Amino acid sequence: MNVLFVNNFRGRGGGEEFLRDLLPGLASRGVQVGLVCRPGTPLEAMFRGSAIEVFPIDRSGLRGITAVFRIARIIRSRGFRLVNIQRGHDIIQAWIGAVLSGERPRVMYTPQVPEFLRSRFLLRRMDAIATISRHIRDRLTLFDPALAGRTTIVYYGIDLDRFRPAAVPGGFLRSRFGLPRETRIVGTVGDLWKNQIEFLDALALLRDRCGDVRYAIVGQEADTGLVRAFKARAAALGLSDAVLWPGRLAKEDMLAFYADIDLAVSTYRNEGFGIWILEAMAMGKPVVAYNAGGIRDSLEGSPSGLLVDGGAAEMARAIGDLFQDDHRLSNMGSAAPGWVQGKYRRERMIDDYESYFRSLADA
């Protein structure tokens, strides 16, 4: 079996981390894997010199027109039977390239976020769609009920050899920001478009109830409108010194970040899935999130997660109750790695995708 993945994203986000874990696993099982990406991107560097055959194609300007013919030649020359499109803006070129190849490969789409391509015509050109959560599946099939029969959920999985509580000692955040041991740290991951500003109201209530609680954000602190609005709100609430900005972190530093926080929190109600939530739980951290979006898939029924209905007051109450019950907080953290091990291992994800791809290729 051979599969051509198409992802022309310029940066590196959750979808690219997903490919980093999935593609080598498929290749190790004898699947011939190709990847079309932009030249000079993190994806090209990630797989250069690996078992993944990389096809750098520039799709800017007039080169976007010739890109479809290059994709067609790749499909035809390598005999790819399945084309997996990772992002909505790649659908037109990849689909036309598949048609022009004359090979009639099966074409599928894997939307990573709820803001998928809203074209019924193009979506119906896909032989199959694999979503990463019920949230995305439900949004997709609400937009076009005709897609329900060809849409499947295939969940993420993470490398548990890397994310484990014993992988790194704590102390990174406390040392960097000079925090005493009794300070509680609530951590989150993502740039500020993920609604972190709402947590400031919960943080003010938490500090009134629990004392020295800090909010650590792994994300960009550059001077943008969202960052300015966040900092203005923090200043108005008297919380400027309560917000920690470790910045964007490398994977190795993320382990130290997870080791140092007491609890992970998400206030984003439109998350596609939230792979960082799995990482935090694998590192033994409880998670509190709003009862909305794709995060529900990983937290519903979990002994290590709480889903909160309501807003800042309800969020603050849920976290405050945990901070005032060390036994419960500890038990949730202890249960978290086992929960991820049972449901969200990288090996399980590779198994599921291999079976899914083979079923499509054989159909």
Side-chain angles (χ1 to χ4, degrees), residues 14 17 21 155-177 179-190 199 202-203 206 210 212-219 244 246 249-268 271 273-290 294-308 315 318-349:
E17 294 300 316
D21 285 335
Y155 286 120
Y156 274 140
I158 64 171
D159 182 1
L160 294 178
D161 289 333
R162 173 180 298 193
F163 295 98
R164 49 191 175 85
V168 63
F172 165 71
L173 287 176
R174 296 180 191 278
S175 174
R176 178 169 173 177
F177 295 100
L179 303 179
R181 294 187 62 181
E182 61 271 16
T183 297
R184 299 282 196 177
I185 304 175
V186 177
T188 195
V189 177
F199 188 72
L203 181 61
L206 265 175
C210 301
D212 189 13
V213 180
R214 307 294 179 99
Y215 184 38
I217 304 172
V218 174
L244 311 178
L249 300 176
K251 279 295 182 185
E252 295 72 20
D253 293 329
M254 284 300 300
L255 295 176
F257 171 81
Y258 292 132
D260 254 21
I261 64 176
D262 296 288
L263 181 144
V265 67
S266 172
T267 51
Y268 190 39
E271 185 70 78
F273 182 81
I275 194 169
W276 76 271
I277 292 293
L278 299 183
E279 296 174 354
M281 286 196 291
M283 290 292 291
K285 302 303 171 180
V287 178
V288 179
Y290 284 132
I295 283 179
R296 290 174 296 179
D297 288 39
S298 59
L299 293 188
E300 282 182 349
S302 171
S304 49
L306 288 179
L307 289 168
V308 175
M315 177 70 75
I319 296 174
D321 288 347
L322 286 177
F323 281 166
Q324 293 184 336
D325 188 344
D326 286 336
H327 181 70
R328 183 185 178 199
L329 186 68
S330 176
N331 284 344
M332 290 177 68
S334 297
W339 175 258
V340 180
Q341 172 72 31
K343 297 174 69 70
Y344 298 107
R345 293 177 298 109
R346 180 182 61 177
E347 292 76 16
R348 190 274 312 152
M349 174 182 71

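Here the structure is a predicted model, which is why all the values come from computation and not from measurement. For this chain, numbers begin at 1 and follow the sequence in order. The figures that follow rest on heavy atoms only: side chains count, while hydrogens, waters and symmetry mates do not.
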Between Y156 and Y344, what is the shortest heavy-atom contact and its length?
O-CD2, 3.5 Å
Please determine whether side-chain contact (heavy atoms from CB on, under 4.5 Å) holds for the pair V265 and Y215, giving the CA-CA distance in whole Å, both sets of side-chain angles, and the decisive distance to 0.1 Å.
CA-CA 9 Å; V265 67; Y215 184 38; 4.0 Å; yes
Flag the pair L173 / P246 as yes when at least one side-chain heavy-atom distance between them is below 4.5 Å, and no otherwise.
yes
Shortest non-hydrogen contact between S298 and W339, atoms and distance:
O-NE1, 2.9 Å
Under the criterion side-chain contact (heavy atoms from CB on, under 4.5 Å), I'd like the reasoning laid out for F257 against M283: C-alpha separation, chi angles, the key distance, then a yes or no.
CA-CA 10 Å; F257 171 81; M283 290 292 291; over 6 Å; no
Show the numbers, then the answer: is there a side-chain contact (heavy atoms from CB on, under 4.5 Å) between I217 and F199?
CA-CA 11 Å; I217 304 172; F199 188 72; over 6 Å; no
Would you compute the distance between atom OG1 of T183 and atom CG of D212 and round it to the nearest 0.5 angstrom?
3.5 Å
So which heavy atom on D21 is nearest to which on G157, and how close?
OD2-O, 4.0 Å
Nearest atoms (heavy-atom pairs only) where F273 meets I295:
O-CG1, 3.4 Å
Between F172 and L249, is there a side-chain heavy-atom distance shorter than 4.5 Å?
yes
Salt bridge (charged side-chain N to carboxylate O under 4.0 Å, His left out) against D253, all qualifying residues, sequence neighbours excluded:
none
Could you tell me which residues satisfy salt bridge (charged side-chain N to carboxylate O under 4.0 Å, His left out) with R174, sequence neighbours excluded, listed by chain and number?
D262
Output every pair passing salt bridge (charged side-chain N to carboxylate O under 4.0 Å, His left out) with a member in residues 337-347, not counting sequence neighbours, ordered by first then second residue.
D159-R346, R345-E347
Which atom pair, heavy atoms only, marks the closest approach of A264 to A280?
CB-CB, 4.0 Å
What residues form a salt bridge (charged side-chain N to carboxylate O under 4.0 Å, His left out) with D297, not counting sequence neighbours?
R134
Is there a side-chain contact between L299 and I277, using heavy atoms and a 4.5 Å cut-off?
yes
For the pair R162 (side chain) and L255 (backbone), establish whether a donor and an acceptor sit closer than 3.5 Å, ignoring hydrogens and angles.
no
CZ/R348 to CD1/I158 distance, rounded to the nearest 0.5 angstrom?
10.5 Å
Between V213 and F323, what is the shortest heavy-atom contact and its length?
CG1-CE1, 4.1 Å
Roughly how far apart are L329 CG and S334 OG, rounded to 0.5 Å?
9.5 Å
Among all residues two or more places apart in sequence or in another chain, which pass the ring pair (Phe, Tyr, Trp, His ring centres under 6.0 Å) test with Y258?
none
Could you walk me through whether L244 and L179 pass the side-chain contact (heavy atoms from CB on, under 4.5 Å) check?
CA-CA 11 Å; L244 311 178; L179 303 179; 3.7 Å; yes
Please tell me if the side chains of M254 and V189 come closer than 4.5 Å, counting only heavy atoms from C-beta onward.
yes
Please check: side-chain N/O of S304 versus main-chain N/O of A335, any donor-acceptor pairing under 3.5 Å?
no
With a 4.0 Å cut-off on N to O distance, would you call R184 and D326 a salt bridge?
yes
Residues at least two apart in sequence or cross-chain that pass salt bridge (charged side-chain N to carboxylate O under 4.0 Å, His left out) with R328, listed by chain then number, are none
Taking side chain as C-beta onward, heavy atoms only, is V168 less than 4.5 Å from E252?
no
